[in-house]
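One structure is given below, encoded as structure tokens.
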Amino acid sequence: MYIFKDALRSIGRSRGRNILIGIIIFVIAVSSCVALSIGEAAGQAKENGMEQLEITAQIMMNRQAMMSGQEDRESMRDALMNMEELSLEEMQQYAKSDDVKSFYYTISASLNAGEGLEAVDVSGNSDSEEDTSQESGQAEQSARTQAEAQGAAPAQEPGFDNNGNMQDAAAGGPDEGMRGGRMGMQGDFTVTGYSSDEAMKDFLNGNSSISEGSMFDENDQENQCIISSELALYNDLDVGDTVTLANPNDEEETYTFTISGIYENKETSDSAGSMMGNFSPAFYAANQIYTSYENISAVAETSQAGAEVTTDENTGMEFSTAIRSQVNGTYTFASMEDYEAFKEETEEKLGEYYTVTSNDVTSYEQSLLPLENLSRYAAWFLAIVLVIGGIILAVLNIFNIRERKYEIGVLAAIGMKKWKIAAQFILELLCVTFLSVILGTGVGAVSSVPVTNQLLKRQIASVETVSEEREQNFGRMPGNGFQKDQMDGAPGMGGGPMGGFGMGGGTAAQEPGNPAANYISQVSSATNFNVVLQLIGIGILLTVVSGCVAIVFILRYDPLRILSSRD
Amino acid sequence: MSILKLENVSYRYADGGKPVLNHISYEFEKGKVYSVVGRSGAGKTTLLSLLSGLASPTEGTILLEGNDIEQIDRYEYRSRYVGVIFQSFNLLPKLTAMENVILSMDISGKKQKNKKERAAKLLEKMGLSGDEMTRRILKLSGGQQQRVAIARALSYDPEIILADEPTGNLDGETQKEMIEIFRRLAHEEQKCVILVTHSPEVAKASDEVYEL
């Protein structure tokens, strides 16, 4: 007990030295608190976000895996042409897994305007049918995200997933004529049929809303549909009117839909959304027509039944007059664990040519990138602070012990055991450390949120600058949604390898015109009990490390020699 | 029966060096004042270091009540059995006179009630005023520091009192007072008092004198 008492008295007796040690530990504590808080904030943001994130996933075909198993280009082409896509029934079968919370699906078809109807065309081309059918893959890839934003099936051509692997949506359904070379024409409208409200992402997240009339019944089989307010205005259409849509491959084949509602879509008025329509009216948000799955499925079946298939003599490719359509199934999961279990189980069952991917998880992880980069940087900073701080403290402690050599000699000479002397010295250091850590934690806690947000802002700016520069190097407009690069590190941050092209099919949450990712740019609280505990641990660690130096010196001292040399 | 006994004790500072003490055998009993005298360099302070447990003999044994002190915990021996008054006092300069005395009591681990009161009494007995007791050591004169050193040595009531030139810094009158204190400790409180000294007065006042 007297050791503790003497330690406290000794602190008071050597104020100057202890204030100096206290300031150093205070600086270490503040730095450590901020660094740990950044790490904690990143961890919490990820955890909380994951809890709130609705995880959706799709079963995709892994074309890359399929191609890598082939010997030459010919066999690769054959393999790709003969890909066995999953049918809706198969997708529904996998949806029975206990891990799946719910399953919904959409079918999208490309249709032309029938009599009395004209697509909203922002491209300035009147012969959109001709032009759009010739559009390159790049245009379709960018435009695809527009349709995907509504939860619709992606365009048919092979795409790349977020990992840069060539993949394709494992679409199936009535339109089997879309495989390989059996290509059809691109229509003016994308008509999407939904299995449930859950599939209508834009209506769920508020991007779209019914402004007139009502939503079609998801079980409707009487060709009810909703159209955009822009399309309604352009064609002077009202609720209750009918619209006629035609097969782009056979203008004689028409289908009539009754307008049950008109919706407003925020996308139709923004410039980026308009730009997508430059490539094809079908990709312009105003030309998206929504109906029930049953209706489009029936249209596709009818079209398929009456389709003519011809073979090009020169190329040997087949051409079908059936309407282009694609079914896309989406699985939702209650937790990350469920998603991972489903992914593992399903991929094992389906083999190497299929993969389960979730754009939600990828997008969310991407949004955390600056925060995680900052967290990594903070961890290095913490390590450096601790090493340098530890060395400074150890050196100070050595000076302290040497300065108090006589005191140690006297205490040992009058019978105080060396371990008790060492304990007293460590206690002194511990008290100073404890006080400094408390003050440092307080200051660190107050400053950690603004400091973290400020650093995060710089980190995001750095990531975005690099991303934009890269886009410009490719001659693209930054943020136009063509390229969704993932940055895994900013300059000087020791980042990892660059992410692949983020152009995968499925229901990507990204929208054209938006930044590559919605980065987490703010943290509200960072210092918690866990951080305080870690800081206390750091304090004890520093005390023990520098205290060990003291112990070594004290144990080496011989009281008789100390006292004799003083005499 | 002797409380402390040196049996054929030799000490040399380096292996193979000239011995400072050579085959010495002394016996010390309770209730007596002993003086160890000798010329400078005869090994008086070395003998005191051996007796206080700060050094170990290179040859021979030192027995405490028949037990070899090499077998006893040195720190316990120094903090409980012997009270040492060093020639240069070896007080802690940042502590007050009172704190120095109380610290020794704490270190001894002996259960003593009212340590502060006991320390004050001892210091008062040594002639320090209340004000002097609360002064830091460096603010006391050499004589006052020596009194504090004696009070510290007595504070935990050891059986043996060792003093290295205890009257070296004192005037004639105070020397007499100190000698009287040591004699009283031996004769009235049955302590074994061993004084290492140059002073003929001190040697003369002792019950027994060993010459190195």
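Note that the coordinates shown come from a computational prediction; the quantities given were computed from them, not determined experimentally. Naming: A, B, ... by sequence-line order, numbering from 1 per chain.
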- [ ] Under 4.5 Å heavy-atom distance to chain B, tell me which part of A:K418 shows up: side chain, backbone, both or neither.
- [x] both

- [ ] Let me know if B:F86 has heavy atoms under 4.5 Å from chain A in its side chain, its backbone, both or neither.
- [x] side chain

- [ ] Give the member of B:V82, B:I102, B:V84, B:L91 that has the highest number of heavy-atom pairs under 4.5 Å with chain A.
- [x] B:L91

TODO: Go through the atoms of B:R74 and report whether side chain, backbone, both or neither lie under 4.5 Å from a heavy atom of chain A.
DONE: neither

Open item on the list: With no hydrogens and no angle check, just 3.5 Å: does a side-chain donor-acceptor pair link A:S10 and A:E428?
Closed with: yes

Open item on the list: Taking the six-membered ring of A:F553 as reference, does the cationic atom of A:R556 (NZ for Lys, CZ for Arg) lie under 6.0 Å from its centre and within 45° of its axis?
Closed with: yes

Task: Short side-chain donor-acceptor distance under 3.5 Å, B:E132 and B:S129 - done: yes

Task: Test: B:R78 cationic atom under 6.0 Å from B:Y75 six-membered ring centre, within 45° of axis - done: yes

